[in-house]
Amino acid sequence: MSRFEIGDVVLSNHVIVGPMAGISNLGFRTMIKQFDPGLIVSEMISDKAIVYKNKKTIRMTVIDEIEHPMALQLFGHDIDSMVEAARFFDEQTDCDIIDVNMGCPVPKIVNNNSGSALMRSSEYAVELLTEIVRNVRKPVTVKVRAGWDAQHINVVDFVRKIQKSSISAVCVHPRTRTQYYSGKSDWDLIRQVKEIAEIPVIGNGDIKSVDDMIRMKQQTNCDRFMISRGCLGNPWLIQQLVHYEQTGEILQDPTAEERIDQCLLHARKLIDLKGEINGIKEMRGHACWYINGLPNNNKVKDRINVMNTYRDLKGIMDQYLEAIRTDDYSRFLGES
């Protein structure tokens with residue numbers, strides 16, 4: 001297996017777990033690390049909040065020693081505050097890579113000219129990235145989209161320009177800002193970027209299986225693969241992708257018992273990080289993802305969505321697993 005380097009950071013494999021706002025926190029990341037991704041990227045972190053030393057935001061930069069290699073993702077627009085925040089990442093955190101968000105589509109981000117709004121001004125983006133790279137020692141990477149909308153798909157020209165700022169890699173999510181996460185990502189745009197890029201290109205978007213990774217490689221020739229929403233409730237996808245890369249073999253999907261055990265582990269991680277009340281509230285969505293594809297899960301999801309304690313979650317999952325084992329859902333599903 002060949003080594004892959006981002007700057008001077010060596011990755012053990014081609015699989016990267018991408019940033020997900022409100023999800024890629026310390027609890028999620030340390031849980032996902034057991035599946036051996038080559039790199040993990042944090043949820044996006046505000047430059048202004050770092051500059052103003054917001055305590056909650058500063059806590060978001062804490063990295064567990066098991067996470068390496070690890071990237072912290074930064075978002076913002078103002079050059080001075082972005083450089084100051086990047087220097088904080090560089091000098092006062094244990095991150096290995098600094099990733100700059102130029103792809104987030106949500107209104108509260110783009111309305112401040114951050115995220116994918118930066119793709120509307122390539123000259124400014126180049127200036128911003130040049131100043132960040134100039135002021136830090138750690139490698140700097142960038143995550144971008146296809147463009148603003150269907151009439152302004154500019155990712156190829158955008159990458160051609162921003163790579164001159166000496167960034168170390170670029171990740172392409174080939175949906176436009178107006179698409180958000182709907183529709184199908186246009187992998188041909190990744191291919192076009194790869195053809196002109198002088199830096200490693202990471203393909204992102206719609207990788208939900210080993211077959212998807214194989215097809216993306218064949219279609220785009222990208223250097224590495226980023227998965228994000230595809231691993232929600234299915235972190236085994238990471239392991240399957242890594243194992244296929246290393247052996248050419250496809251691992252079996254997890255059993256119902258493995259899914260539920262992992263769900264409970266994930267819940268304990270979030271409770272340790274955020275306390276039981278907030279951890280369990282956040283876990284409601286994750287728990288529903290973990291049981292996707294399992295039989296008769298709709299009634300289970302109804303109960304998950306009103307749970308308030310770890311004991312509630314464990315009770316629901318224990319009953320559900322017993323129903324799966326015995327193939328008898330009558331008593332379980334009949335309960336209020």
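As the structure is a prediction and not an experimental result, all values here were calculated from the model. Reckoned from all heavy atoms, side chains included, excluding hydrogens, waters and symmetry mates.
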Gap separating the CD1 atom of Ile50 from the CG atom of Leu74, nearest 0.5 angstrom: 7.5 Å
Are Val110 and Leu128 connected, step by step, through hydrophobic side chains (Ile, Leu, Val, Met, Phe, Trp, Tyr) whose heavy atoms are closer than 4.5 Å? no
Is it true that, when you exclude Gln252 itself, more than 12 heavy atoms of the residues, nucleotides or ligands shown sit nearer than 6.0 Å to its CD? no
Would you say that Lys56 contacts Arg59 through its side chain, given a criterion of any heavy-atom pair below 4.5 Å between the two side chains? yes
To the nearest 0.5 Å, how far apart are CE in Met216 and CG in Asp211? 13.0 Å
Arg284 and Asn308: side chain donor to acceptor below 3.5 Å: yes
Say whether, by atom type as modelled, one donor and one acceptor occur between the side chain of Lys217 and the main chain of Cys222 under 3.5 angstrom. yes
Please determine whether a side-chain nitrogen of the Lys or Arg among Glu84 and Arg87 lies less than 4.0 Å from a carboxylate oxygen of the Asp or Glu. no
Less than 4.0 Å between a side-chain N and a carboxylate O, is that true for Arg160 and Asp157? yes
Show the nearest heavy-atom pair for residues Pro139 and Ile6, with the distance to one decimal. CG-O, 3.4 Å
When you compare the side chain of Phe89 with that of Thr61, does any pair of heavy atoms fall below 4.5 Å? yes
Apply side-chain contact (heavy atoms from CB on, under 4.5 Å) to the pair Arg268 and Met31, showing each step before the final yes or no. CA-CA 10 Å; Arg268 293 193 295 272; Met31 181 275 296; over 6 Å; no
Working to the nearest 0.5 angstrom, can you tell me the gap between Ile23 CD1 and Glu282 CD? 7.5 Å
Determine, stepwise, if the pair Lys143 / Asp99 fulfils side-chain contact (heavy atoms from CB on, under 4.5 Å). CA-CA 7 Å; Lys143 191 165 190 279; Asp99 186 58; 4.0 Å; yes
Taking Thr247 for the side chain and His243 for the main chain, is one N or O donor matched with an acceptor at less than 3.5 Å? yes
Counting N and O atoms only, with roles assigned by atom type, does the side chain of Asp94 sit under 3.5 Å from a partner on the main chain of Ile63, one being a donor and the other an acceptor? no
Would you call Ile260 and Glu257 a side-chain contact if the rule is heavy atoms closer than 4.5 Å? no
Any idea how His266 and Tyr290 line up, ring-wise: parallel (<30°), tilted (30 to 60°), or perpendicular (>60°)? perpendicular
Quick one: pull up CG in Leu11 and CD1 in Ile16 and give me the separation to the nearest 0.5 Å. 6.0 Å
Check whether any side-chain heavy atom of Glu249 sits under 4.5 Å from a side-chain heavy atom of Tyr244, and report yes or no. no
Tell me the closest heavy-atom pair linking Val210 and Leu237, and the distance in Å. N-CD1, 4.4 Å
Give the minimum heavy-atom separation between Lys48 and Ser81, together with the two atoms involved. NZ-OG, 3.4 Å
Is the backbone N or O of Leu118 less than 3.5 Å from a side-chain atom of Ser121, with the two atoms forming a donor-acceptor pair by type? no
Between the main-chain N or O of Val300 and the side-chain N or O of Asn297, is there a donor-acceptor pair closer than 3.5 Å? no
Do Asn292 and Lys301 get their side chains close enough for a donor-acceptor pair, meaning under 3.5 Å? yes
Whether the side chain of Arg145 engages the backbone of Tyr180 through a donor-acceptor N/O pair (distance < 3.5 Å, no angle test) should be reported. yes
Are a donor atom and an acceptor atom from the side chains of Asp64 and Thr30 found within less than 3.5 Å of each other? no
Could you give the distance from NE2 (His173) to CG (Asp186), rounded to the nearest 0.5 Å? 11.0 Å
Checking Asn204 side chain against Cys171 main chain: does a donor-acceptor pair fall under 3.5 Å? no
In terms of side-chain geometry, is the basic nitrogen of Lys208 or Asp212 positioned less than 4.0 Å from the acidic oxygen of its partner? no
Look up atom OH in Tyr124 and atom CD1 in Ile79, then write down how far apart they are to the nearest 0.5 Å. 4.0 Å
Any idea which heavy atoms bring Asn101 and Gly115 closest together, and the distance? OD1-CA, 3.5 Å
Run the side-chain contact (heavy atoms from CB on, under 4.5 Å) check on Gln240 and Asp253 step by step: do they pass? CA-CA 9 Å; Gln240 290 171 332; Asp253 289 333; 2.9 Å; yes
Side chain Lys138, main chain Cys95, donor-acceptor under 3.5 Å: yes
Electrostatic pair Lys194:Asp223 at N-O distance under 4.0 angstrom: yes
Side-chain polar contacts of residues 32-44 - donor-acceptor pairs under 3.5 angstrom, sequence neighbours left out - could you list them?
{"from": "Lys33", "atom 1": "NZ", "to": "His68", "atom 2": "O", "distance (Å)": "3.0"}
{"from": "Gln34", "atom 1": "OE1", "to": "Gln262", "atom 2": "NE2", "distance (Å)": "3.1"}
{"from": "Ser42", "atom 1": "OG", "to": "Gln73", "atom 2": "N", "distance (Å)": "3.0"}
{"from": "Glu43", "atom 1": "OE1", "to": "Gly22", "atom 2": "N", "distance (Å)": "2.8"}

So that I can tick it off, tell me whether Asp272 and Lys269 are bridged by a salt bridge, with the cut-off set at under 4.0 angstrom between side-chain N and carboxylate O. no
Any side-chain heavy atom of Ile316 within less than 4.5 Å of one from Ile304? yes
Under the salt bridge (Lys or Arg N to Asp or Glu O under 4.0 Å) criterion, do Lys164 and Glu198 qualify, and how do the steps go? CA-CA 9 Å; Lys164 303 303 181 185; Glu198 299 170 3; 3.3 Å; yes
Do Val106 and Phe75 share a hydrophobic cluster (ILVMFWY, side-chain heavy atoms under 4.5 Å, transitive)? yes
Evaluate the criterion side-chain contact (heavy atoms from CB on, under 4.5 Å) for residue pair Ile153 and Trp148; output intermediate values, then yes/no. CA-CA 7 Å; Ile153 294 176; Trp148 184 255; over 6 Å; no
Arg175 with Asp206: basic N within carboxylate O range, under 4.0 Å: yes
Is it the case that the side chain of Asp312 and the backbone of Thr309 share a donor-acceptor pair, with hydrogens and angles ignored and the cut-off at 3.5 Å? yes
Does the side chain of Leu72 come within less than 4.5 Å of Ile45's, by heavy atoms? yes
Of all heavy-atom pairs between Val136 and Ala86, which one has the smallest distance, and what is that distance? CG1-O, 3.6 Å
Nearest non-hydrogen partners of Gly76 and Asp47, listed with the distance: CA-OD1, 3.5 Å
Between Arg191 and Asp188, is there a salt bridge with N-O shorter than 4.0 Å? yes
Can you find a heavy atom in the side chain of Val172 that is under 4.5 Å from one in the side chain of Phe158? no
Tell me whether Arg177 contacts the main-chain N or O of Pro105 through its side chain, where contact means a donor paired with an acceptor under 3.5 Å. yes
Is a donor from one side chain sitting under 3.5 angstrom from an acceptor on the other, for Thr176 and Asp149? no
Transitive ILVMFWY side-chain link Trp187 to Ile214, under 4.5 Å: yes
If you count the non-hydrogen atoms of other residues, nucleotides and ligands that lie under 6.0 Å from CD1 in Ile250, is the total more than 12? yes
Just by distance, with hydrogens left out, do Asn221 and Glu195 show a side-chain donor and acceptor under 3.5 Å apart? no
pair Met82-Glu131: side-chain heavy atoms closer than 4.5 Å: no
